[in-house]
Amino acid sequence: MAGSAVIAPVVPAAAMVLLALWAQQPSREDVRPETLAAFQRHVRARESAIERERVQGRNFLWVDESDQRRKRVRSGGVVVEPLQGRGLIDVKGGLVHDWIGATFIEGTSLSKAIATVQDYNRHQQYFKPEVVESKLLWRKENEFGIFLRLVKKKVLTVTLDTEHRVRYFPLDATKVHSRSYSTRISEVEDAGTSKEMALPPGEDHGFLWRLNSYWRFQERDGGVYVECEAISLTRGIPTGFGWLVSPIVRDLPRESLESTLAGTRTMLD
């Protein structure tokens with residue numbers, strides 16, 4: 001699932017030119033094997049921790065580790081934090097982003113929450129303007145294949161055609177968790193025009209190479225707690241552009257997750 005696009009900040013004209021040059025600078029090439037290997041190592045470590053600390057651990061929910069977090073979500077807010085540090089991990093040839101967030105929807109049930117979230121054909125209604133098209137491709141029991149066309153906007157606008165495999169794991173009458181893996185991400189040039197063209201996966205500008213998300217749903221306290229950890233892989237920042245690009249690279253994953261959780265609240269309210 002993806003969050004809504006964010007409003008671009010005011011940027012001087014010279015900075016806009018630099019951003020355009022930055023976007024055009026890299027050659028179109030696939031993610032490096034060592035970059036992907038670093039991402040997969042991080043994913044394996046996180047999945048082991050999620051299984052140990054959440055699925056089998058004392059606290060199924062991340063919010064239960066902090067009274068302040070729990071109070072904020074119980075009051076109708078959305079809490080998003082970096083998993084550790086700044087939520088940004090430098091790897092050779094790229095960046096790994098890891099953010100976690102939570103919200104609480106009062107007055108709903110777990111069964112309703114899961115059924116609504118699994119209605120992927122309607123995601124474009126609740127997660128716009130970032131999700132402009134959504135489609136269920138296939139379903140086999142608790143496993144789904146979905147398509148999402150994403151538009152990410154923060155000074156630059158990038159359109160991505162993405163496919164994901166999502167699997168749900170019911171634990172008991174009150175708890176469900178899920179894992180979502182991107183299986184295809186293609187950058188779309190000139191989207192919405194007669195010149196529209198999807199670039200081969202990997203042969204793009206590297207705005208998003210991989211996206212995993214890990215969801216937890218628990219019914220209690222008169223509603224349902226919803227949590228999501230999003231782990232993504234993007235290109236690195238070319239030398240000389242860090243002062244300009246770093247805030248965008250750092251902020252987009254957080255803002256996207258915030259909007260994803262807010263959209264989930266809207267679906268379930």
Side-chain angles (χ1 to χ4, degrees), residues 1-8 73 76-80 99 101-154 156-168 176-188 190-193 196 198 207-208 211-219 223-230 232 251-269:
M1 295 170 69
S4 300
V6 295
I7 302 300
V73 300
V78 172
V79 177
V80 172
W99 289 79
T103 192
F104 175 77
I105 301 92
E106 189 172 3
T108 194
S109 66
L110 180 64
S111 59
K112 178 185 176 182
I114 296 301
T116 303
V117 169
Q118 290 177 347
D119 188 1
Y120 290 107
N121 289 326
R122 298 178 64 200
H123 278 208
Q124 63 195 38
Q125 299 177 30
Y126 297 101
F127 299 101
K128 58 185 180 183
E130 183 168 317
V131 178
V132 297
E133 184 180 348
S134 61
K135 185 187 307 180
L136 175 66
L137 300 177
W138 54 267
R139 178 177 184 177
K140 184 177 181 182
E141 297 181 347
N142 288 325
E143 193 166 5
F144 300 75
I146 64 173
F147 167 85
L148 300 173
R149 171 165 282 199
L150 309 178
V151 176
K152 294 187 173 291
K153 182 185 296 183
K154 185 142 186 174
L156 299 173
T157 299
V158 180
T159 301
L160 303 166
D161 281 348
T162 70
E163 295 181 13
H164 310 259
R165 187 180 77 254
V166 189
R167 185 173 181 184
Y168 290 80
V176 172
H177 72 100
S178 71
R179 294 182 177 186
S180 171
Y181 303 97
S182 60
T183 57
R184 179 182 174 89
I185 298 177
S186 298
E187 184 178 336
V188 181
D190 300 314
T193 73
E196 179 178 304
F207 291 108
L208 184 64
L211 176 61
N212 291 7
S213 58
Y214 304 86
W215 292 78
R216 287 180 293 279
F217 307 82
Q218 183 173 16
E219 180 178 348
V224 173
Y225 290 88
V226 180
E227 292 189 347
C228 179
E229 179 178 345
S232 57
D251 293 345
L252 265 178
R254 173 183 58 80
E255 292 169 343
S256 183
L257 183 54
E258 285 177 346
S259 295
T260 296
L261 290 166
T264 305
R265 283 184 55 84
T266 301
M267 292 179 76
L268 298 176
D269 278 344

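- A donor-acceptor pair is defined here as one N or O able to donate and one able to accept, closer than 3.5 Å; such a pair exists between the side chain of His123 and the backbone of Val117.
- In this structure, Phe217 CZ and Thr108 OG1 are separated by 11.0 Å, a value rounded to the nearest 0.5 Å.
- Rounded to the nearest 0.5 angstrom, Tyr168 OH and Arg179 CZ are separated by 14.0 Å.
- Residue Asp190 holds its CG atom at 9.5 Å from OG1 of Thr159, rounded to the nearest 0.5 Å.
- When all heavy atoms of Ala113 and Val224 are compared, the pair lying nearest together is CB-CG1, 4.3 Å.
- The ring of Tyr120 has its center no closer than 6.0 angstrom to the ring center of Phe147.
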- When you look at Arg149 and Leu160, which way does the side chain to side chain contact (heavy atoms under 4.5 Å, CB included) test go after all the steps? CA-CA 6 Å; Arg149 171 165 282 199; Leu160 303 166; over 6 Å; no
- Apply the test side chain to side chain contact (heavy atoms under 4.5 Å, CB included) to residues Leu261 and Val80: give CA-CA distance (whole Å), side-chain angles for both, the deciding distance (0.1 Å), then the verdict. CA-CA 9 Å; Leu261 290 166; Val80 172; 4.1 Å; yes
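- A distance-only check finds a donor-acceptor pair linking the side chain of Thr103 to the backbone of Gly77 [under 3.5 Å].
- When every heavy atom of Glu258 is checked against every heavy atom of Val78, the shortest pair comes out as O-CG1, 4.1 Å.
- Annotation: the span from Glu227 atom CD to Trp215 atom CH2 amounts to 10.5 Å, rounded to 0.5 Å.
- Between the side chain of Gln124 and the backbone N or O of Ser134, at least one donor-acceptor pair lies under 3.5 Å.
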- In sequence, state the C-alpha distance, the side-chain angles, and the governing distance for Leu211 and His164, and then conclude on side chain to side chain contact (heavy atoms under 4.5 Å, CB included). CA-CA 9 Å; Leu211 176 61; His164 310 259; 4.3 Å; yes
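- Looking at Phe207 and Leu150, their side chains never come closer than 4.5 Å, going by heavy atoms from C-beta outward.
- Using a distance-only test at 3.5 Å, with no hydrogens or angles considered, a donor-acceptor pair links the side chain of Ser259 to the main chain of Glu255.
- Remark: side-chain polar atoms of Thr116 are paired, donor with acceptor, to backbone N or O of Lys112 under 3.5 angstrom.
- Of the possible polar contacts, none joining the Ser180 side chain to the Val166 backbone as a donor-acceptor pair under 3.5 Å is found.
- One finds the CZ atom of Arg265 at 9.0 Å from the CD atom of Glu106 (value rounded to the nearest 0.5 Å).
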- Query: Taking it one step at a time, do Leu148 and Phe127 satisfy side chain to side chain contact (heavy atoms under 4.5 Å, CB included)?
  - Reply: CA-CA 11 Å; Leu148 300 173; Phe127 299 101; over 6 Å; no
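- From Gln218, atom CD reaches atom CZ of Phe104 across 10.5 Å, with rounding to the nearest 0.5 Å.
- Side-chain atoms of Asn121 come within 3.5 Å of backbone atoms of Leu136 as a donor-acceptor pair (strictly under, hydrogens ignored).
- Side-chain atoms of Ser232 and Leu208, non-hydrogen and from C-beta on, do get closer than 4.5 Å to each other.
- Scanning both residues, Arg122 and Tyr126, for their nearest heavy atoms gives NH2-OH, 2.7 Å.
- Sparse packing is recorded around CZ of Arg167, with 12 or fewer heavy atoms of other residues, nucleotides or ligands lying under 6.0 Å away.
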